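To keep things clear, I will list the structure first and then write my remarks on it.
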Protein chains: 2
Amino acid sequence: MTTSPARALPTLARRAFSTTAAVAKGSGGKPTPNKDHHIVQYNDDDFPRGFGVAATHCGIKKNGALDLGVLVSVSERPTAAAACTTRNAFKAAPVTVTTELLASTDGRARGFVVNSGCANAVTGSQGLDNAWAMSKSLTNALAPQPETWGKEKAGSLVMSTGVIGQQLPIEKITSAVPKLAGNLGLDSKSWMDLARAFMTTDTFPKLRCRSFNLAGQTIRMVGIDKGAGMIAPNMGPAVPHATLLGVIATDAAIAPSALQSALNYAVDRSFNSITVDGDMSTNDTILALANGMGTPGNSEIHEGMVAEYELFRNELTSFAQDLAKLVVHDGEGATKFVTVHVHGAPSYDVAKTVASSVANSNLVKTAMYGEDANWGRILCAVGYSSVPEGTIDPHKVSVSMIPAKDDPVQTPMVLLKDGEPDANLEANEDRATNLIQSENVTIDIDLGQGKGEAATYWTCDLSHDYVTINGDVSFVPPFADQKLTPQYRT
Amino acid sequence: MTTSPARALPTLARRAFSTTAAVAKGSGGKPTPNKDHHIVQYNDDDFPRGFGVAATHCGIKKNGALDLGVLVSVSERPTAAAACTTRNAFKAAPVTVTTELLASTDGRARGFVVNSGCANAVTGSQGLDNAWAMSKSLTNALAPQPETWGKEKAGSLVMSTGVIGQQLPIEKITSAVPKLAGNLGLDSKSWMDLARAFMTTDTFPKLRCRSFNLAGQTIRMVGIDKGAGMIAPNMGPAVPHATLLGVIATDAAIAPSALQSALNYAVDRSFNSITVDGDMSTNDTILALANGMGTPGNSEIHEGMVAEYELFRNELTSFAQDLAKLVVHDGEGATKFVTVHVHGAPSYDVAKTVASSVANSNLVKTAMYGEDANWGRILCAVGYSSVPEGTIDPHKVSVSMIPAKDDPVQTPMVLLKDGEPDANLEANEDRATNLIQSENVTIDIDLGQGKGEAATYWTCDLSHDYVTINGDVSFVPPFADQKLTPQYRT
């Protein structure tokens, strides 16, 4: 990582305690651990059939890192596309373009262009023009759409991430995209390069593959995502905005409406169930692309094919959860991965609201950082969750800690039983300390209303390094040793 | 402040990086400034007539600091009482008792007992018994209720703050209360002692007086509150829970229902419009007491007396705002006081929701700490505020910074105009830096929907010290050099 020279302070602003100087001394506390063990290397054969990818450094990131990538479906079958995008009222230009493209083509796309280093957000009409130019630069560089795709012309989706309020260097992008489109790769290295082109404050590229059997044939999926801060997505179908970006490409054959429906379900239970800092970005976008190359003989799955659809949807959900968890592992300053599981709730929405409340609590998150099994704070966050009054019966709530998989003792430890501290709590303090010191902490909350519904949220701790990363104007994220005036930093 | 000896870690739990050890090195960053300049000394004559107060150290705080206090109305007129208490589903025992007492006496009370060091929260039926015993220990120690109060017997309200999940040392309290009731003072020192008996992690006692003219007579008010963390109150009438505690006592004559109604209005625009960390406590309680001693000839104000009622309500609101701001000034680790003013909104609720979203954003709060005029984060928090979709028109939103009162230049600085960065933004970077380096920062957000409705939220920055105070198990708040197992810390 590079650091910028300290900004000259105007005379009026000089003070005995310059934050810039003071914070630069070090954030104190526990250092954020290296996260490279989350990188997985795959074989060329692990990736879905029929997607070509390429990435380059086109000049947005000043440090020479990859900042532009494309994915193109090279399938003879029309490729289904779906998107979930941010519900933030300030939606970035690429979100608008992607949404309009999907609406105008009934959910078909040739592929996408992604850039990092500049979010193309809050950029007015020029920003919109640039996002369209980015899209067309890929579509125009491709061979004509195969006749098998039908008459309707599919376009190229776009995603951007990086700083807000700056215009894209659009010529750099539009001149680089045709070269990328002429040099598509299907190998593992090309995919990893594409994952790197997504990165901003991420400390490792996020790429996963999975395969499963669907109606007797092997289906492959690849997923890429990025994000470390400004993470509290709440994405709906086709509503655009950009800090969490992701794509899942599969060679399954599935109709666009079924793909969108499955993606909505999956995103709700994965990307919309993670938080780093509770701040929902303006550019959050998850794309899904399905090109049918893995099941050449099969017709597209639709929602009426209940068994196949549900199998696909559940695999997609579980895969999206794997990808979403990578973002939490790479949360800014995170030293712990915390799972909040709520069950015994009257509805899924109640379970999710309670889990979100606990996962977003600064007091719970600092307690996790401090390795403090503080059930008072957990309880407090359960109690103030924004569910209708009377939904939670304090006398029925139980809270336990679940040991990590590698813990030699697998018995859960009860902190609170039916609304009161467990009788053995003080005697078990060493065990609580032991559990809380794990890198993976699981909090189990039973609302006690029968079997009920369940929901899970994934979060990280709130550390000194989070404050440094977001509060120190001399800290420059890896992508930008360019001069950034403070108000342009996301 | 005292610090506890490091807790012995169980063998299994020993690791190369013990958080306890690492964090204890120092939190890094900018030190939290001393807040003693917020203490105001008053004359005996500034306090409302007819309230006697006393405080002592009864043995809850192990360091000998004041931890128990009483207030008694010595008026011949019946004293009106009202309360706003937490909406957290886990309500502490004293909240339940205070609520029940007010309901059973139609809003009359003799006074209250308050203790700090133990919140009497999550303490089951024994906790309830103790809260009742605390209440009765005061009522029973007082001379019989004057006949002028009517037949219905008024009781004593109760408030507790401190650690969760521990039982009160009730004998210490019930034996000390009668002595306090026999030694009531009406002087400035007695009031300041009472304010000190409220304190937990507070760094200074919070006491204010004010007087105003009502129907030709001088009315006096005194206010005490406490709170530094776990601050994001959302209190409604008569719904009990305990980290923000406060009381406003006045010698005005006002009917209980009008007092409750005025208090609801005031609390919504003061204590319910502040945040330190977004965590709503289980014990938050604000009491109001009015004993009529300042206007001996006047009958009680009721809501039908529109001019008098609104004058009283508006004074109460402005006074409650002064008190609420003291809590933000003393926010855990706070180095800045930030005002978020939203106007041009279609309704008060929308204005308040948007202001709350910005005031609670960790990214905005760390930007304030870093003295970074980051309009991108402000905009982002406006955009994800939980108002109905379509309420905010991104193209109409403007964001400015308002200079502090002592700034030689009083012109606001526009960051964003009608949804786009202001044209002069880059040229004015020095001015932005200058404004953000003030201890008092005001963010003005115009939603651009005509004159519209307005709301204000008050918040502080998120600093390294906040993480240390809440994330370092070796940090012990000033009130407790007693051994606290980690799970009992609030």
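A note on names: the letters A, B, ... follow the listed sequences, proteins ahead of strands, and every chain is numbered from 1. We use all heavy atoms of the structure for the numbers below, so side chains are in, but hydrogens, waters and symmetry mates are not. All values derive from a computational prediction rather than experimental measurement.
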- [ ] Grab the two heavy atoms, one from Pro394(A) and one from Ala89(B), that are nearest each other, plus how far apart they are.
- [x] CG-O, 3.0 Å
Task: From Ser125(B) atom OG to Glu420(A) atom CD, the distance as rounded to the nearest 0.5 Å - done: 6.5 Å
Open item on the list: How close do Asn88(A) and Tyr384(B) get, counting heavy atoms only, and between which atoms?
Closed with: ND2-N, 3.6 Å
Open item on the list: Do Thr366(A) and Tyr466(B) make a side-chain contact, defined as non-hydrogen atoms from C-beta onward lying under 4.5 Å apart?
Closed with: yes
Open item on the list: With a 4.5 angstrom heavy-atom cut-off, is it the side chain or the backbone of Val397(A) that approaches chain B, or both, or neither?
Closed with: side chain
Open item on the list: Do Leu416(B) and Val122(A) have side chains that approach each other closer than 4.5 Å (heavy atoms only, starting at C-beta)?
Closed with: yes
Task: chain B contact via Ser357(A) - which portion, at a heavy-atom distance below 4.5 Å - done: neither
TODO: Kindly write out the residues that satisfy side-chain hydrogen bond (donor to acceptor under 3.5 Å, both in side chains) with Asp407(B), not counting sequence neighbours, or none if the list is empty.
DONE: Arg431(B)
Task: Pair Asn362(A)-Asn470(B), side-chain donor/acceptor within less than 3.5 Å - done: no
- [ ] Under 4.5 Å heavy-atom distance to chain A, tell me which part of Ser463(B) shows up: side chain, backbone, both or neither.
- [x] backbone
Open item on the list: If you define the side chain from C-beta out and look only at heavy atoms, does anything of Ile164(B) sit under 4.5 Å from Trp375(A)?
Closed with: yes
